[in-house]
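The structure appears below as structure tokens.
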Amino acid sequence: MIKFLNVTKQYQEDKMALSDMTVNIDRGEFVFLVGPSGSGKSTFIKLLLKEIDPTIGKIKIDGKDITRISQRKIPHLRRKMGVVFQDFRLLQDKTVYENVAFAMAVINTSPKEIRRQVPNVLALVGISDRANMFPHQLSGGEQQRVAIARAIVNNPSVLIADEPTGNLDPETAWETMKLLKQINRRGTTILMATHAKDIVDMMQQRVIAIENGKIVRDDQKGVYGYED
Amino acid sequence: MIKFLNVTKQYQEDKMALSDMTVNIDRGEFVFLVGPSGSGKSTFIKLLLKEIDPTIGKIKIDGKDITRISQRKIPHLRRKMGVVFQDFRLLQDKTVYENVAFAMAVINTSPKEIRRQVPNVLALVGISDRANMFPHQLSGGEQQRVAIARAIVNNPSVLIADEPTGNLDPETAWETMKLLKQINRRGTTILMATHAKDIVDMMQQRVIAIENGKIVRDDQKGVYGYED
Amino acid sequence: MAMKTRTIIYSIKQGIKGSWRNRMMSIASITSIASVLMILGIVFMIVININSFSEITKGQFDTIQLDLEDDLSDGDMQNIGKSVKSIDGVKSVYFLSKEKALDNMKKKWGENGYLLEGLQKNPLPNSYVVELMDMRYADEVVKRVKGLQGLEEVRYYKDLVEKILKITDFIRLAGLIVIGVLILISMFVVANTIKLTVIARKKEIGIMKYVGATNWFIRCPFMIEGMILGVMGSAIAIGVISFGYKYVFDLITQKVYVMIAVYMVPAPVFIKSIAIIIAVLGIGIGVLGSIISMRKFLRV
Amino acid sequence: MAMKTRTIIYSIKQGIKGSWRNRMMSIASITSIASVLMILGIVFMIVININSFSEITKGQFDTIQLDLEDDLSDGDMQNIGKSVKSIDGVKSVYFLSKEKALDNMKKKWGENGYLLEGLQKNPLPNSYVVELMDMRYADEVVKRVKGLQGLEEVRYYKDLVEKILKITDFIRLAGLIVIGVLILISMFVVANTIKLTVIARKKEIGIMKYVGATNWFIRCPFMIEGMILGVMGSAIAIGVISFGYKYVFDLITQKVYVMIAVYMVPAPVFIKSIAIIIAVLGIGIGVLGSIISMRKFLRV
Ligand SMILES: Nc1ncnc2c1ncn2[C@@H]1O[C@H](COP(=O)(O)OP(=O)(O)OP(=O)(O)O)[C@@H](O)[C@H]1O
Ligand SMILES: Nc1ncnc2c1ncn2[C@@H]1O[C@H](COP(=O)(O)OP(=O)(O)OP(=O)(O)O)[C@@H](O)[C@H]1O
Ligand SMILES: [Mg+2]
Ligand SMILES: [Mg+2]
């Protein structure tokens, strides 16, 4: 379902953020993306979202080369994917409820459906009692959970998460992982960039390790694999 | 050096973010602040910085009640403290170098001294090669390291860090911890809110555990202490 | 279609919410819009009144005077009057006897009028005063009239009228240019204001794009927000300008010099036209301003 | 003191950097400032010229005419002239002989001048035309003059002059009000623009406060940025207005009606005064705008 073909991304002359990367992720997989800080994980995700375009190479999603689609098709591409950003990216002037409802309104969900679905998702990530607060009134972990709620509310076919447990305590982090696993079981492809060694080791899923923009390891049922 | 006396912080009617907290941190201590998401760690830190004022109670730093100092004295209070924020808070229109240099310029350091000191600190946190980039051109981990560099550049007497390793890979995280320990050895008081179980368990320092705005545990040489 | 309606309702709600939540910025934008429109109104007021003044002044010279020979019979004079009246472009003709003319002159000269008492006989001729429908007919009428018998002289303030016409035209043109420039400037100011609003919400727009919102979905609430700002800005400007004009008009009528008021455009007429202009401009500026200033940020 | 100098150098550097890095916003602010100042310039231009027109017109009636009795000797007449000249408030006195007066009248009446040929004898008196230093002295001078021997009549266009004075005063007042309102409005527009700039950089200001920056340390670069914007906005406005006025002035002189130009303020004079006004306002607006609009954000 997701194919990177010899993708290179160079932000600046001297250094490559990704170099000649080829990788294939099938529908329904659960993939961890690991690697040191600055290795290129977020760049990989930004390419998938067409936030940036590769310097060289092709990226195919559902068989379509997204480096070639027109500006107008981008919103429809993005609707297939739910995303949890490393910096949350919540709408600051909308409440928690509205942030989630907005993602539904965007794809033309009926108000009735929105009113039914939003509370469910907020309950799922455990922030129902914060529904009417604004992002700046939330703790870091709470904001991260709102971001997760927004990402899953439309039942996307791919869920992309950049460091979704970075601001969570271990317990909440584990609950989030259980949630992701559950979503994965319903057939959603999951791609998660993380530094959480414990979680990666425990989950026993595919692990793609990147270093300096290159894939250095790609194991089914892998482990985090960097030593302290 | 830092004293909380029956401090209560209530953002909204129904719920207390901190309730009747009394705690004492001595000069030169290394303290971990742990607790589930939303337990009140960031609130504790914001109170120290006088970003917010307590609803009830006194906060003393170096024997001075900071809930009573005048608006004009706040900058001088803050100069005693280096802070790493959970959301980095870098100046977006300044380069990495300038972000760090700015913190020095603020306290009237001579340009010569700034030119000497900034590269040292950037090297210390391992981002010398990113010196002329803007924050939005950095990876999450790189931004976090810039935030650390800025916090320590003025040799503050207290270093406060909110989740300073949340976006770092384990290896970089450990290097950061070594750095903090080293700074602590020079006599700087360190207060660090974190969810990183491994790190807390390994460092063998004082651990203050907060839950629902109350201190539930305060151990010298403590551990993270929450089970998965 | 149901989709579209839903989007529109959503946009209106969001637009209203948006302008309320960003109250401070909304107030800033509204005052900017109102200010610029007020300035426009003031200039419009000045120009329209100078124009009105010229028009009225011009009208007072807008006649041809036909001096009759001294020895004509009443019948001859009446015939000339009829012939003149039948010429194309002549609006009215009235007879001015030599006695009346001297009288008028004495009145007009006021304090110097006594000089005319010293005259042995009335040197002025009987005459017809011909009012034209429009200045354009002047030359033609003069030519036709000159063919008539019994006229001593045809007096026509051609040079003066043409000078006044030239000045009026100039003022009208200058006024139009100034107003045109002002509209452009105000568009600029408002587009800038809204651009700043949008820059401040750049991040927000980016986030919407990442969630999969189409450009129109993002644009609509901003456009409605722009419209709200435009409407409110216009309303304030219309209120202030209307009230101000009425106040000045009344002041002039009562306190300063009643005669000036004759040359001024009456308050209701002015208010009606300025209100329409300001409303159209304000709303147009608000909506266009939003669209123009968002272009850059939709490319994410 | 070394501290302060360092802060100032730092602020200037940061101010320049800031306005360059936020180029788009800077351009928006500069055009807004320039636009508003241009509008101000245009209104100033209109008001100052209407004022100049009134002043010059008024000046033409600003005299007292003393008609002398018919049978005075040359010595008597000269004595009267000297006495009048010595009165407080009299600027100059000149003699107008009865022949010259009739001549003037003939010229003034133009086409109707021939009427005066019919007079048996010159009915006009010899007279002194008294120019006053200022209208305020009029009543006093008239009273003193009336005590002199040999005067037939003291003619003084008091009503007319007072009407013109009233109108001139009104225009001057209205002009001042309009300009005052415009300055306020432009302050508002610019303060809003800068406020929006500051709102967009609210986060930045917050961060500075957390790093321990004092309010002045934060404010200074913004003030200098505001000053840069003000200077550039003023420069544009001065350029456009100066060029525009010169163009209009030349156009009127050459094409429309030379006589109007007499009533207009000459280009160099206008440009000099408007340049100073615009520069002072622009810079003041820039700096004050920054200070005012930052107030709210410094309380963190
Ligand atoms: N816009 C940009 N311009 C220039 N360089 C960039 C830009 N964005 C990222 N980079 C660089 O590309 C490299 C890869 O960045 P990326 O964000 O993909 O890292 P990452 O693996 O997500 O790291 P982290 O775990 O710290 O978030 C980094 O060295 C970063 O400095
Ligand atoms: N400005 C605010 N207004 C209202 N409630 C707030 C505000 N800031 C924080 N809170 C609430 O106070 C509680 C404590 O927040 P705090 O940020 O201190 O948590 P935390 O311990 O830092 O959590 P995390 O580990 O997730 O960052 C949370 O429930 C949060 O929702
Ligand atoms: Mg990243
Ligand atoms: Mg926190």
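Computed from a predicted model, the values in this text were never measured in an experiment. Protein chains get the first letters and strands the later ones, always in sequence-line order, with residue 1 at the start of each. These numbers come from the heavy atoms of this one structure, side chains and all, not from hydrogens, waters or symmetry mates.
- By the neighbour-count criterion of 12 heavy atoms within 6.0 Å, atom NZ of A:Lys80 is densely surrounded, having more than that number from other residues, nucleotides or ligands.
- Environment of CG in A:Asp20: crowded, with over 12 heavy atoms of neighbouring residues, nucleotides or ligands closer than 6.0 Å.
- In this structure, the portion of A:Glu163 lying under 4.5 Å from any heavy atom of chain B is its side chain and not its backbone.
- B:His195 places a side-chain N or O within donor-acceptor distance of the main-chain N or O of A:Asn167, the cut-off being under 3.5 Å.
- The number of heavy atoms from other shown groups lying within 6.0 Å of NZ (B:Lys214) does not exceed 12.
- Shown here is B:Asp87, whose CG atom has more than 12 heavy atoms of other residues, nucleotides or ligands within 6.0 Å.
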* Asked: Between B:Ser139 and A:Ser42, does a side-chain contact (heavy atoms from CB on, under 4.5 Å) hold up when you go through it step by step?
  -> CA-CA 7 Å; B:Ser139 81; A:Ser42 296; 5.7 Å; no
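- Rounding to the nearest 0.5 angstrom, the gap separating the CG atom in B:Asp169 from the NZ atom in A:Lys41 is 6.5 Å.
- Your options are A:Ala17, A:Gly141, A:Ser37, A:Ala173, and the one with the most heavy-atom pairs under 4.5 Å with chain B is A:Ser37.
- Residue with the most contacts toward chain B among A:Thr172, A:Leu138, A:Leu168: A:Leu168 (heavy-atom pairs, distance under 4.5 Å).
- Interface summary for chain A: among B:Gln144, B:Gln143, B:Met133, the most heavy-atom pairs under 4.5 angstrom belong to B:Met133.
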